[in-house]
Structure formats: structure tokens, C-alpha cells
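Since the structure comes first, as C-alpha cells, the remarks are kept for the end.
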Amino acid sequence: MKILGIESSCDETGVAIYDTQRGLLAHTLYSQVKLHAEYGGVVPELASRDHIRKILPLIDECFKQAQCSHHDVDGIAYTYAPGLVGALMVGAAFAKSLGFAWGLPTIPVHHMEGHLLSPFLEDKKPEFPFVALLVSGGHTELYHVKGVGNYILLGETFDDAAGEAFDKTAKLLGLPYPGGKELAALAASGTPRFPLPLPLLGKESLDFSFSGLKTAARLLIEKNANLSDPGGLGWACDVAASFEQALVETLVVKSLRALKQTGLQQLVISGGVSANQRLRARLTEETSKIDTQVFYPRLEFCTDNGAMIALVGALKFASSKTYSLEIEVKARTCI
Ligand code: KG4
Ligand code: ZN
């Protein structure tokens, strides 16, 4: 069975074709990052318009790369939530229209379920059950994953998501939007010499709160900005390293707690922040001490993409396919 997947929840247009026998056949992606960079964040109306411009060429190119046509496809999966409503509408409307024209069912997929199951796109796959740390621009959550569609929320953020905290701190350091990756690059040549708070929220808690850390980083940066001789690049690298270390250690402590509390021995990390090398290295180091394996998607599938949507569409084909033309998208909703 082959599924065409369409992702358009934010500022990436992603398309992919996933085959249940052969795995991922092809994927195409267009990032609008440059379009939004001058505004310092995603402009929803511009995002929707650009998805409209890019989606059909990306679908054409994807079929070409997969060396097949819509006659070979069994269904069309699309992201229905969460995200920018206008942007989601584009993907949903195209999916429904193509489904109608080609006589194919559509499968609505939750964006975060795409991230959650994205390590199944890799050769090294986890087995159910496992703990999942979902860390993206809008979400920071820990789940006990029992099977496809069977997720128990263990903890979530009370305020900012990990990626959001990365991006806001990066902006204060004068880095371009979105900034998480750029902050990590600065941190790589810095020393984490500034003590910043580690928001652990009590001994057993699996919830997160990054606003205190973000504020402490802001005060540190502003204090320096007021000096007549600013710290320069070396100083910025040290601030970035201090921030990254505090945030990553929080994620590590909570993930280890979740493993201990559930008694599970597999950890999945996914979402944009799972591309962070310090996070990967620290989790690999700590979990190796407790005989636990860590699974994550390849770097290009940590951030938004169509492959994870096609994959989940294939996994949920039997239970979620519909021929209805009604378009329902949601800005916010749980998995
Ligand atoms: O999953 P994603 O593409 O979009 C959402 O679903 O939100 O995640 C994007 C987030 C952004 O906040 C971005 O700055 C962050 O992931 N990110 C990183 C890194 N690469 C992307 N954060 C830290 N280190 C990275 N290497
Ligand atoms: Zn995402």
C-alpha cells in the first residue's frame, strides 16, 4: 500500500510517498524560513499563500522521484492539526480535492503524532512500548507510547516549548529566525560558565517550565547589552552554551525520570529540538548507564516534513480513512 503525505501546518511544505512494503519512496520539502526571516517569525497569511504556490510542484516532483503516479497510490494523508489554520487549510483542501479527483480516501493526521512516530522511518526502529520526548517549536511533552494511537501523556510544558525558548533566546542574541539551530552552533564553541536555573518542578514531576530559564537568559543578555564594551562573540557563545546546557539537562532529567517511573527501556526523541547534538549526546550517555536505547529520526526528519505524515497515514489507514469532502482543521488539539 502506498500513501501520499502532505504537511503544511506552519512554514514548511512537505510531501512524501510511503510504501508499507518498501518504506519511504520519496519526499520533497520547501522551507519558507527565508520568507519569514525579515519579520522575525512566521506571518500566517504569507505562509498560506506560499503553501499554495509550492504544493503542486512538490507533489509532481515527489511522484517523479518515486517513479510512480497517483494510480499507484491508495490514500492521501494530510496534517489536520495543530498549526496555523490558514496553512492547514491549504494542505487539507489540496488533499481532499486530489482525493475526490483521483477517487482516493483521505487520512487526517495529527502533526505531533507524525513527529512522535517519525523514528519508524529509520532502519533502527523502536518497539512498543516506549517513552517519547516530543520537543518542537510549539510542544514539549513526554508520552508513554503503548502502540499506534495509544499514547498516555506523562508531562507537558506549563509555558514555553523547548524550541520556543531556544528561538526567543536566540533572537535576544541577535541570531536570525528561527534561531534554535544557530544558537546551538554558537554554543558549540562556548563554555557554559553562567549559572542558569534548571527548572525541575519538584522531585517527581514530569512537567516542564522554561519561562524562568528564558527570563534568566534575557536578564543576563540585557545586562551585557548595557555595558559600554559588550562581551563580543566569545561571550555570546558562553551565554548560548549556558542556556543550552540548562535546557538540555532539564530534558535529560525528565526523560530519565519518565523511564524510571514507567519501567520502560526505550526512549524516542523527536521534533525539531531532537536535532540538537548536545541533547542527543547527553541522552545517549545517560541512557547507556541504565541499559536503555535512544531512537530518533535522521536530522532532516526532526523538523517538519511530509514523510512523517505519509508514514502515520499508512499506519492509520485502516482506522482513519474517509471519503468525506468536509474540511476540518484545528489550530490546537491533543494527539
Ligand atoms: O518540529 P519543528 O520543525 O516545528 C514544530 O512543530 O514546532 O521544530 C522547530 C523548532 C524550532 O524552535 C527550532 O529552532 C528548533 O526546532 N530546532 C532546534 C535545532 N534545530 C531546530 N533547537 C535546538 N537545536 C537544534 N539543532
Ligand atoms: Zn513540527
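The first residue of the sequence shown is numbered 1, and numbering continues consecutively from there. Start at 1 and go down the list; that is how both ligands and their atoms are numbered. These numbers were taken from a predicted model, which means no experiment stands behind them.
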Practice problem: Within a distance under 4.0 Å of any heavy atom of Thr303, pick out the atoms of ligand 1 and give their elements. | Solution: 3 (O)
Self-check item: Salt bridge present between Asp74 and Lys2 (N-O < 4.0 angstrom)
Solution: no
Self-check item: Cation-pi, Phe295 ring and Lys124 (6.0 angstrom, 45 degrees)
Solution: yes
Exercise. Have a look at ligand 1 and work out which part of Asp167, if any, has a heavy atom under 4.0 Å from it: side chain, backbone, both or neither.
Key: side chain
Quiz item: Which ligand 1 atoms are under 4.0 Å away from a heavy-atom of Gly138?
Solution: 7 (O)
Quiz item: Relative to the heavy atoms of Gly137, which atoms of ligand 1 are at a distance of less than 4.0 Å?
Solution: 5 (C), 7 (O), 8 (O), 9 (C), 10 (C), 12 (O)
Practice problem: Please state whether the separation between the Zn ion (ligand 2) and some N/O/S atom of His115 is under 2.8 Å? | Solution: yes
Quiz item: Measuring to the Zn ion (ligand 2), does His139 have an N/O/S atom at a distance below 2.8 Å?
Solution: no
Quiz item: Given that the side chain starts at C-beta and the backbone is N, CA, C, O, which of these parts of His111 lies under 4.0 Å from ligand 1, counting heavy atoms, or is it both or neither?
Solution: side chain
Practice problem: Please report the C-alpha distance between Asp207 and Glu156 in whole Å, then the side-chain angles of each, then the deciding distance to 0.1 Å, and finally whether the side chain to side chain contact (heavy atoms under 4.5 Å, CB included) criterion is met. | Solution: CA-CA 5 Å; Asp207 290 318; Glu156 62 188 326; 4.2 Å; yes
Quiz prompt | Nearest neighbour in protein (non-hydrogen) for atom 8 (O) of ligand 1 | solution = Gly272 CA, 3.3 Å
Quiz item: At a non-hydrogen distance cut-off of under 4.0 Å, which region of His115 contacts ligand 1 (side chain, backbone, both, or neither)?
Solution: side chain
Practice problem: Just jot down the ligand 1 atoms closer than 4.0 angstrom to any heavy atom of Gly163, in number order. | Solution: 12 (O)
